[in-house]
Every structure is written in C-alpha cells, then in structure tokens.
Amino acid sequence: MPELPEVETIARAIETEVVGGTIVSADVLWPRTLAAPSVKKFKELVKGQKIKAVSRRAKYLILVLEDYNLLIHLRMSGDLIVRTGKIKPEKHDRLILFLRSKNGRESQLAFNDTRKFGRVWFTDQPETVLGKLGPEPLEKEFTPQWLFENLHKKKRQLKPLLLDQAFLAGLGNIYTDECLHIAKLHPLALSNSVSQKQAKALHEAIQSVLKEGIRRNGASIDWVYRGGDFQNYFRVYDREGKPCPVCGIEIQKFTVGQRGTHVCPKCQVIERK
DNA sequence: CCTGAAACCTGTCTGC
DNA sequence: TGCAGACAGGTTTCAG
C-alpha cells in the first residue's frame, strides 16, 4: 500500500513528534514483525536509545537512534501512529515503542499492520538491508540518461521493471500505472525498446507524479492513510471503465506480473517495428 | 536472464 | 442471509 509518497508523508508526520525523545521500552505483539534481531535482544538494546532523526530511503522509514537504526517497511497495510495517554494496544498493533520526550511527556509510537506483512529491522548496519536498492527517483543521481541506459541493459516488461526496487526504489502499483500513462508507455512494452525521447518522458512522469503524490500527502484508499487526497486525482489507477482524462476512451484493467494494471488502450500502445 | 506462480496475512466486497 | 471466491498500495522465493 504505501509507496514512496505515503512513506514520505508518514515520515514528515511523525518527525516532529518523536525526534528528541528517548525509547523507554518496547513491546513486540507479533514477533514476525521484527526481522532482526531476536525479540529479547531488541528489547534490551533499544532501551534508552534516543531518537536523533527520522528519514526515508525508498519505502523504508528510518529512525536514526544513537547507536542503531530502526528500519521500518510498511509493506501492504502498515502504518505508524503516535499516541499519547493510551495504554492499551489497538487492534492490529504489532510493535510499540514507548517514548519519553525531553520535557518528560510520555507517548508511544505504534506500528499497526492489519496484514502482518510489514517488517522492522534494528541494526547498526543499515546497508545490509538497504544496500540492494536502486536510485532514489527524486534525487539527482536519477537522470533521463541514466534511465535510458539502464532500461537498455535489460529486456523486461516495463511495469515489473519499474516495480523492481533494485532497479528504481520507491514506485509501487499506483504510481507506476500513473506514470506509464503520463508517459504514454504500455506496461508490457520491453524496456530495451524505449527510445531516448520516451525515456525522457518517463523520467519526467515519474518525478512529477511522485511530487504530486507528496504534495497531496499521498493516497488514502479505504480507511488507510487518513489525510492524503491523491486518490481523487488518479488518471488510470482504480478507474476501470471510466474515461481516460486525455482522450476519453474507457480505461481498461488487466493483470501484469500478478498486479492489477490500468491503461488507456488508445494513449498507451506498444510500438513494434 | 526473464516470467509467472505461490507464499506470507486479514479484511472487504461481489455474486450466486 | 450466508458463503465461496476474488482482490487489495509489497516483497521473496522457486520453477520452468
């Protein structure tokens, strides 16, 4: 569920509330949530750690502690919530950090995750988790030329390649469908068939749609990610049968790489020689 | 190397 | 109303 803009939104939302606080203790309610280390070791080592900063790499949220990093991946249904006053865990809470701020106020940072796919790593070697990620799409290392060259190093369907976090880190199902539509590229087109001009358009589409998502505080489908409103501006995602905003033809849905995929059949055509 | 399927989970919605 | 089946924003692993 959360893709780069939603994770960025959550990072910004919790930053002001937790930075400067100290972790008093931790509860692990669903042990598999903790990818590493063991629950016992985690509880010992996390105690007393001060939260120095909150950041993000791709879809990972990072709590920078004094001696460790806490890496959090929300996967499909994860969320982070800061609560004050409450003691009883909410339904679907999987891991809770109990915090004390500089001025002595108590709060908790809860990792809530209905589907239990989310994972948390507590480590002093974040590169072991983050090392294989591709470039950040909003950083300057990601250029049109880089995209063109790397698309041509592969011969893969465009959509699964863009979803591959080792290729480019941060896009998920919604934003990939949106940017392929903006760039007028078909999700099944082969990566090495993309022209320089198309690569440039795709690069521009990726950056603009991610920035738009962040500006709108992400997308809130169903009950998740309260606050965001990017879902009201989808061009193709979740719009099967509705008109393409560009040409008016009905949006079609089919499956690509096991993911629901939305295209305009007129705007997004595979060119073949 | 590339693709597709299955697995990990719970909740919601659809159709019979 | 009940129930089976499909589907959901992600990632890993395995078979062909």
Side-chain angles (χ1 to χ4, degrees), chain A residues 1-11 29-36 56-61 71-80 90-95 111-121 128-134 137 150-180 187-193 206 209-210 212-214 216-241 253-262:
Chain A
M1 118 220 230
E3 307 179 34
L4 187 155
E6 288 75 30
V7 178
E8 178 69 23
T9 300
I10 293 172
L29 296 96
W30 179 256
R32 296 189 67 173
T33 295
L34 190 60
R56 177 192 62 73
R57 169 76 169 104
K59 301 174 193 173
Y60 292 83
L61 259 149
L71 309 175
I72 304 167
H73 199 305
L74 275 19
R75 295 278 174 93
M76 291 291 264
S77 58
D79 197 4
L80 282 174
E90 305 262 322
K91 193 173 184 184
H92 303 135
D93 279 357
R94 307 303 180 196
L95 188 150
F111 176 62
N112 185 283
D113 182 24
T114 304
R115 291 177 69 181
K116 299 177 174 174
F117 290 161
R119 290 293 180 266
V120 173
W121 294 258
T128 59
V129 180
L130 306 176
K132 287 181 180 168
L133 291 171
N150 283 276
L151 286 173
H152 281 257
K153 287 179 186 169
K154 310 269 184 186
K155 188 175 182 180
R156 290 180 57 185
Q157 299 166 345
L158 269 186
K159 175 163 176 178
L161 182 57
L162 292 175
L163 286 172
D164 183 343
Q165 303 295 298
F167 180 77
L168 183 65
L171 290 176
N173 206 34
I174 293 176
Y175 293 87
T176 300
D177 278 5
E178 293 295 303
C179 72
L180 286 171
L188 290 175
L190 290 179
S191 58
N192 65 343
S193 74
I206 290 169
V209 85
L210 288 175
E212 182 184 5
I214 292 171
R216 301 193 187 284
N217 295 315
S220 319
I221 302 182
D222 300 331
W223 65 101
V224 191
Y225 298 103
R226 58 286 145 187
D229 67 344
F230 183 57
Q231 70 279 6
N232 298 325
Y233 301 89
F234 290 161
R235 296 154 177 83
V236 289
Y237 184 84
D238 201 22
R239 294 194 63 246
E240 181 182 21
K253 181 177 180 184
F254 56 99
T255 300
V256 176
Q258 296 182 301
R259 312 300 300 277
T261 297
H262 311 75

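We name chains A, B, ... by the order of the sequence lines, and we start the count at 1 in each one.
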Within less than 4.0 Å of OP1 or OP2 of dC8(B), is there a side-chain N or O belonging to K116(A)?
-> no

By nearest nucleotide on DNA chain C, pick out whichever of Q165(A) and R115(A) is the more 5' one.
-> R115(A)

Identify whether any heavy atom of K91(A) sits under 4.0 Å from a base atom; if not, whether one sits that close to sugar-phosphate; answer base, sugar-phosphate or nothing.
-> sugar-phosphate

Here the distance between atom P of dC7(C) and atom CG of D238(A), to the nearest Å, is 14 Å

Sugar-phosphate, base or nothing in reach of Q258(A), heavy atoms under 4.0 Å = base

How is Y237(A) classified with respect to the nucleic acid when contacts are heavy atoms under 4.0 Å: base, sugar-phosphate, or nothing?
-> sugar-phosphate

Whole angstrom is fine here: how far is it from CG in D93(A) over to P in dC9(B)?
-> 18 Å

Minimum heavy-atom separation for G172(A) to L163(A), with atom names?
-> C-CD2, 3.3 Å

Taking atom P in both dG5(C) and dA6(B), what distance in whole Å separates the two?
-> 15 Å

Send over the distance from D164(A) CG to dT12(C) P, rounded to a whole Å.
-> 9 Å

Evaluate the side-chain proximity of N150(A) to L168(A): yes if any heavy-atom separation is below 4.5 Å, no if none is.
-> no

Separation of dA8(C) atom P from D113(A) atom CG, nearest Å, is 18 Å

In whole angstrom, give the distance that lies between atom CG of N112(A) and atom P of dG9(C).
-> 19 Å

Among dG11(B), dC9(B), dG9(C), the nucleotide that comes nearest once only the side chain of W30(A) is considered = dC9(B)

Using whole Å, report how far CG of L161(A) lies from P of dT3(B).
-> 9 Å

Which nucleotide in the set dT11(C), dC9(B), dT3(B) lies at the smallest distance from any side-chain heavy atom of K59(A)?
-> dT11(C)

Earlier contact from the 5' end, DNA chain B, for R94(A) and V256(A) | V256(A)

Nearest listed nucleotide, side chain of K155(A), among dG9(C), dT11(C), dC2(B) = dC2(B)

Hey, are the side chains of T176(A) and R259(A) touching, using non-hydrogen atoms and a 4.5 Å cut-off?
-> no

With ring centroids as reference points, do Y175(A) and F230(A) lie under 6.0 angstrom apart?
-> yes

Take atom CZ of F167(A) and atom P of dC2(B), then tell me their distance rounded to the nearest Å.
-> 11 Å

Evaluate the side-chain proximity of I10(A) to L74(A): yes if any heavy-atom separation is below 4.5 Å, no if none is.
-> yes

Which part of the nucleic acid, if any, lies within contact of R32(A), taking any heavy atom under 4.0 Å across all strands shown: a base, the sugar-phosphate backbone alone, or nothing?
-> sugar-phosphate

What nucleotide, of dG9(C), dT11(C), dT10(B), holds the atom closest to the side chain of H92(A)?
-> dT10(B)

Kindly say if K253(A) contacts the phosphate of dA8(C), meaning a side-chain N or O under 4.0 Å from OP1 or OP2.
-> yes

Using centres under 5.5 Å plus planes under 30 degrees as the test, is F117(A) stacked with dT11(C)?
-> no

Pairing partner of dC2(B), by Watson-Crick or G-U wobble and under 3.5 Å for both distances, is dG16(C)

dG11(B) C1' sits how many Å from M76(A) CE, rounded?
-> 12 Å

Given dT11(C), is OP1 or OP2 found less than 4.0 Å from the side-chain N or O atoms of R119(A)?
-> no

Counting just side-chain N and O atoms, does R259(A) come under 4.0 Å of either OP1 or OP2 of dG9(C)?
-> yes

Under a 3.5 Å limit on both distances, the Watson-Crick or wobble mate of dC3(C) is dG15(B)

Which whole number of Å gives the distance between the P atom of dT11(C) and that of dG11(B)?
-> 22 Å

Should H73(A) be listed as having a side-chain N or O under 4.0 Å from OP1 or OP2 of dT11(C)?
-> yes

Non-hydrogen side-chain atoms of H92(A) and W30(A) separated by less than 4.5 Å | no

Derivation and outcome, side chain to side chain donor-acceptor pair (under 3.5 Å), residues N112(A) and K91(A) | CA-CA 8 Å; N112(A) 185 283; K91(A) 193 173 184 184; over 6 Å; no

P spacing across the pair dA6(C) / dA5(B), given as an integer number of angstrom | 14 Å

Is there a side-chain polar atom (N or O) of K154(A) under 4.0 Å from OP1 or OP2 of dC1(B)?
-> no

